[in-house]
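This report concerns only the one structure given below.
Residue numbering restarts at 1 for every chain, and letters A, B, ... go by the order of the sequence lines.
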Amino acid sequence: MTIVQTMQDQLKAEIKAAIIKAELATEEQIPTIILEKPKEKVHGDYATNIAMQLARVAKKAPRQIAEQLVEQLDQKQASITKVDIAGPGFINFFIDNSYLTGLIPVILTEADQYGRTNTGLGEKVQIEFVSANPTGDLHLGHARGASVGDTTANLLDAAGYQVEREFYINDAGNQINNLALSIEARYMQALGHDFPMPEDGYHGKDILDIAAELVEKYNADFVEKDPVERQAFFREYGLKFELAKLKQDLADFRVNFDNWFSETSLYKEDKIKPALHLLEQKGYTYEDGGATWFRTTDFGDDKDRVLIKNDGTYTYLTPDIAYHKNKLDRGFKTLINFWGADHHGYIARMKAAIQALGYSKETLEVEIIQMVNLFENGEKVKMSKRTGKAVTLRELMEEVGIDAMRYFFVMRSSDAHLDFDMDLAKSESNENPVYYVQYAHARICTLLKQAEAKGFEADLNYLADHLLTEKAEDLLKQLGDFPQVIADAAKDRAPHRMTQYVFDLASMLHSFYNAEKVLDPDEPEKTKARLALMQAVKITIANALKLIGVNAPDQM
RNA sequence: GUCCCAGUAGCUCAGCUGGAUAGAGCAACGGCCUUCUAAGCCGUAGGUCGGGCGUUCGAAUCGCUCCUGGGACGCCA
């Protein structure tokens, strides 16, 4: 329970007591009391619309209800300094904010743990994200998925869930054959042979790199080899190469997975047939046209889906069902998958599978990451994986930097299309929100260094007397909200609220910094109190940035 | 054709469970550095929340409908 929550609960309890005392409603009739933060400061620190909600039960006008409620309210008990009734019946509370200074010792003690809560109650959640095919470079869509998935995982972890990050390696399907054939073509071409690329071949630069590596290591050894043998070798070689590259790119992007799950392992460990049998047993499958079908329409899909094609091979769906069964067998209570927008049509059948396996459809949550459009010099940069001309994650890391990418990709709610402005991300100016936030952190660091040099030390004994100015209170309130913001963002899978939060906090810091001098030799007590506040802000900004995967520099 | 996402200030976007005069940032305009980093701060201006109908004390938010943009609809993965 945080200090802010304790205060809010106290206020809610007093409101409830007042309602009963004024005989406006019985305890059972009272709806959940909602405290909201008014946008305007003249509307107090908190407001409630309970008088409007009670209008029907009490059969009175909202304003009248509000008046009777306020009359019975124990203002002292709820730390209220003033109550107003406004508008159609809002009750506005002005709180004695001295309780806020109690936040500082808590933050300084918890340090890098500040913000963590236990709201998730240790629930086991698995997050599968990126899961790009090991057939080419990671592009912008993957970068967004990586940022959003990783930050969501960080948030869930901080909110007390037990999180596992997993990458599903699609190393078993047709695309891997294509990879082998593409490498083969590039290898032969590199040695001067006229050799066609396969129709759905991969045209990326990475394939040329692999071919070059092969030529360097083996010269023309493979030219005369049996094509089947050659392709098998290239397949393994290419897969290893691509996977190593994926892992390196993601690690450099500060995204680390707990588990790399291989699709092939499902075949090797014979996990697919048992899953298939289970669906058969439960009566969800049938034969038609030489194929085996899964009756997903039983679960609201608009069409049944094929599990085994009439050539005897599986569709993509079949091992994926086995994979998700495996996840559930591992004891995860919730599975969150981050998918690109192009997989949207796949959700219904996967949810059908989850239900057919005997779980509620809410067990699987699919978060769709909408497309990223890259803009440079005000123009849209065309992307195409097929021609290999897409901008890669690696290139963007080198060009705009990791901090800006991590921040920008999480900045917008992930179900909306994102315009990524390269010039803005690169710019080291006030247009760039990443710099704005980092600058706030760096400013505090410099300030603390100066304080040390001048012999000032933070002291927690003077907080209540010196931190109740408007700007300081704004900061304190924002600091106090941090744990709740994390918990809510985690629950709602809304990582973009974290960038919003830290931006607002930075803005309040800059505002405070300009309005009030921290180091003041004439006011030693005030200086000590403010230094403590600055330390608390520094910790909170750093913790927030850490959740997003952005560095908090000491100087800029 | 069916489904999904989006449409909010000139631009990019927030807006949580329906609440008060719809908010930020950038761009525009006007101020603030002999003083802890001006990569900053303060102020001004800017809106028919795509259109319409409905639900209600109250709608950007919920429902219906239409318009516009993007995406998905395979025995591909």
Side-chain angles (χ1 to χ4, degrees), chain A residues 32 34 36 38-40 42-43 47-49 52-53 55-56 61-62 86-90 92 133 135 170 172-176 178 200 263 288-293 302-303 305-317 319-320 340-348 368 370-371 373 375 378 411-413 415-421 424 427-436 438-440 442-451 453-454 456 485 488-489 491-492 494 496-497 499-500 503-504 506-507 509-520 527 530 534 555-556:
Chain A
T32 312
I34 298 162
E36 60 175 38
K39 289 165 207 155
E40 305 275 338
V42 294
H43 294 138
T48 182
N49 62 352
M52 275 103 93
Q53 293 196 308
R56 240 165 267 154
F90 287 100
N92 297 328
N133 287 342
T135 56
N170 295 120
N174 277 335
Q175 75 279 9
I176 300 300
N178 262 324
D200 302 319
E263 181 184 358
D288 187 48
T292 302
W293 294 74
D302 49 12
K303 200 183 152 218
R305 308 291 170 176
V306 170
L307 290 169
I308 306 175
K309 298 180 243 177
N310 58 18
D311 67 0
T313 61
Y314 298 133
T315 60
Y316 181 78
L317 178 64
D320 216 10
D342 53 340
H343 285 66
H344 169 259
Y346 197 71
I347 298 174
I368 289 297
Q370 288 292 341
M371 287 185 38
N373 291 315
F375 284 81
M411 187 164 56
R412 306 294 179 216
S413 75
D415 59 4
H417 301 197
L418 175 76
D419 288 342
F420 189 96
D421 184 339
L424 177 61
S427 78
E428 299 191 359
S429 74
N430 57 351
E431 298 169 37
N432 193 334
V434 189
Y435 283 87
Y436 182 85
Q438 291 183 320
Y439 180 46
R443 255 186 161 173
I444 296 173
C445 289
T446 315
L447 187 58
L448 295 177
K449 245 179 258 165
Q450 294 258 354
K454 291 181 184 170
F456 291 111
V485 171
D488 289 345
K491 184 169 69 65
D492 298 337
H496 71 279
R497 286 199 212 142
T499 50
Q500 208 103 34
F503 187 89
D504 289 343
S507 165
L509 182 277
H510 288 310
S511 182
F512 171 85
Y513 184 96
N514 273 276
E516 304 188 25
K517 194 155 167 66
V518 175
L519 305 178
D520 187 351
T527 299
R530 285 178 171 172
M534 288 301 100
Q555 59 179 44
M556 299 183 73

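- Under a 3.5 Å cut-off, the side chain of A:Asn49 and the backbone N or O of A:Met52 do not form any donor-acceptor pair.
- Within 4.0 Å (heavy atoms only), A:His343 reaches at least one base atom of the nucleic acid.
- In this structure, A:Gln370 and A:His417 have side chains that are in contact, with non-hydrogen atoms separated by less than 4.5 Å.
- The side chain of A:His510 places no N or O atom within less than 4.0 Å of a non-bridging phosphate oxygen (OP1 or OP2) of B:rG25.
- The side chain of A:Asp419 approaches B:rC13 more closely than any other nucleotide in the set B:rC13, B:rA77, B:rG40.
- Of all nucleotides listed (B:rA39, B:rC75, B:rA14), B:rC75 comes nearest to the side chain of A:Trp293.
- Taking the P atom of each, B:rC49 and B:rC11 are spaced 16 Å apart, rounded to whole Å.
- Nucleic acid contact class of A:Ala86 (heavy atoms, under 4.0 Å, all strands): base.
- Contact annotation: A:Arg305 side-chain N/O to B:rG74 OP1/OP2 distance is not under 4.0 Å.
- With P as the reference atom, B:rG50 and B:rA22 are 15 Å apart, rounded to whole Å.
- Residue A:Arg412 has its side chain nearest to B:rC13 when only B:rA77, B:rA20, B:rC13 are considered.
- Atom-to-atom, CZ of A:Arg443 to P of B:rA39 comes out at 8 Å; the value is rounded to the nearest Å.
- Among the nucleotides B:rC36, B:rC16, B:rG40, the one closest to any side-chain atom of A:Asn514 is B:rG40.
- A side-chain donor-acceptor contact under 3.5 Å links A:Asp311 and A:Thr313.
- Straight-line distance between the C1' atoms of B:rU2 and B:rG18: roughly 30 Å, to the nearest whole Å.
- Of the side-chain N and O atoms in A:Thr315, none sit less than 4.0 angstrom from OP1 or OP2 of B:rA77.
- A salt bridge does not link A:Asp415 to A:Arg412: none of the charged nitrogens lies less than 4.0 Å from a carboxylate oxygen.
- Using a 4.0 Å heavy-atom distance criterion, A:Gln555 is classed as a base contact.
- Nucleotide B:rC13 holds its P atom 9 Å from the CZ atom of A:Phe375, rounded to whole Å.
- Look at the P atom in both B:rC41 and B:rA24: the space between them is 13 Å, to the nearest Å.
- A:Phe420 has its CZ atom 13 Å from the P atom of B:rC13, to the nearest Å.
- Nearest nucleotide to the A:Asp415 side chain, out of B:rA77, B:rG25, B:rC5: B:rC5.
- Protein atom CD of A:Glu516 is 15 Å distant from nucleotide atom C1' of B:rU35, rounded to whole Å.
- A salt bridge is defined here as a Lys NZ or Arg NE, NH1 or NH2 lying under 4.0 Å from an Asp or Glu carboxylate O, and A:Asp492 with A:Arg497 meets this definition.
- When each of B:rA38, B:rC36, B:rC75 is scored by its nearest atom to the side-chain atoms of A:Ala291, the top-ranked nucleotide is B:rC75.
- Residue-environment remark: CD (A:Glu516) exceeds the threshold of 12 foreign heavy atoms within 6.0 Å.
- Rounded to whole Å, the C1' atom of B:rC42 lies 36 Å from the corresponding atom of B:rA6.
- Using P as the reference atom, B:rA45 and B:rG10 are 15 Å apart when rounded to the nearest Å.
- Distance A:His43 NE2 to B:rU21 P: 8 Å, rounded to the nearest Å.
- Considering only side-chain atoms of A:Asn174, the nucleotide from B:rU12, B:rC36, B:rA77 that sits closest is B:rA77.
- Note on A:Thr313: nothing from the nucleic acid sits closer than 4.0 angstrom, heavy atoms only.
- Taking atom CD1 of A:Ile308 as the reference point, atom C1' of B:rC76 lies 17 Å away to the nearest angstrom.
- Nucleic acid contact for A:Lys303: sugar-phosphate only, since backbone atoms but no base atoms lie under 4.0 Å from a heavy atom of the residue.
- Residue A:Ile34 is in base contact, counting any heavy-atom pair closer than 4.0 Å across all strands shown.
- Residue contacts for A:Phe503: at a heavy-atom cut-off of 4.0 Å it reaches the sugar-phosphate backbone alone, with no base atom in range.
- Glycosidic conformation of B:rC33: syn, with the torsion inside 90° of 0.
- Between A:Ile368 and A:Ala341 the shortest heavy-atom distance is CG2-CA, 3.7 Å.
- If you check B:rA72 for Watson-Crick or wobble pairing at under 3.5 angstrom, you find it paired to B:rU2.
- Of the two residues near RNA chain B, A:Arg497 and A:Gln370, the one whose nearest nucleotide lies more 5' is A:Gln370.
- Contact between the side-chain N/O atoms of A:Lys517 and the OP1/OP2 oxygens of B:rC41 is not found at any separation under 4.0 Å.
- Base pairing analysis places B:rA28 opposite B:rU44; the two distances defining the Watson-Crick or G-U wobble pair are each below 3.5 Å.
- When distances are taken from the side chain of A:Val306 to each of B:rC75, B:rA77, B:rC13, the shortest belongs to B:rC75.
- Here the side chain of A:Ala47 is nearest to one of B:rA20, B:rC42, B:rA39, namely B:rA20.
- Separation of the C1' atoms belonging to B:rU8 and B:rA59 is 14 Å when rounded to the nearest angstrom.
- Contact annotation for A:Ala515: no contact, since no heavy-atom pair falls under 4.0 Å across all strands.
- In this structure, A:His344 and A:Asp488 both approach RNA chain B, and ranking their closest nucleotides by distance from the 5' end singles out A:His344.
- Nucleotide B:rC36 forms no Watson-Crick or G-U wobble pair with any nucleotide shown, as no partner meets the under 3.5 Å limit on both distances.
- Protein atom CZ of A:Phe90 is 15 Å distant from nucleotide atom P of B:rC57, rounded to whole Å.
- Within 4.0 Å (heavy atoms only), A:Asn92 reaches at least one base atom of the nucleic acid.
- Residue A:His417 and nucleotide B:rA6 are not classified as a stacked aromatic pair, given the requirement of ring centres less than 5.5 Å apart at an interplanar angle below 30°.
- Under the 4.5 Å side-chain criterion, counting only non-hydrogen atoms from C-beta, A:Thr315 is in contact with A:Lys309.
- In this structure, A:Phe375 has its ring center no closer than 6.0 Å to that of A:Phe420.
- Side-chain proximity of A:Tyr316 to B:rA77, B:rA14, B:rC75: nearest is B:rA77.
- The interatomic distance linking A:Leu418 (CG) with B:rG25 (C1') rounds to 15 Å, in whole Å.
- Comparing the same atom, C1', in B:rA60 and in B:rU48 gives a spacing of 12 Å after rounding to whole Å.
- Summarising the base pairing, B:rC57 is matched to B:rG19 through a Watson-Crick or G-U wobble pair whose two defining distances lie under 3.5 Å.
- A donor-acceptor contact closer than 3.5 angstrom links the side chains of A:His510 and A:Arg443.
- Residue-level contact check: A:Gly289 touches the bases, meaning some heavy atom is under 4.0 Å from a base atom.
- At a threshold of 4.0 angstrom between heavy atoms, the contacts of A:Gln53 with the nucleic acid are absent.
- Under the stacking criterion of a centre-to-centre distance below 5.5 angstrom and an interplanar angle below 30°, A:Tyr436 is not stacked against the six-membered ring of B:rA39.
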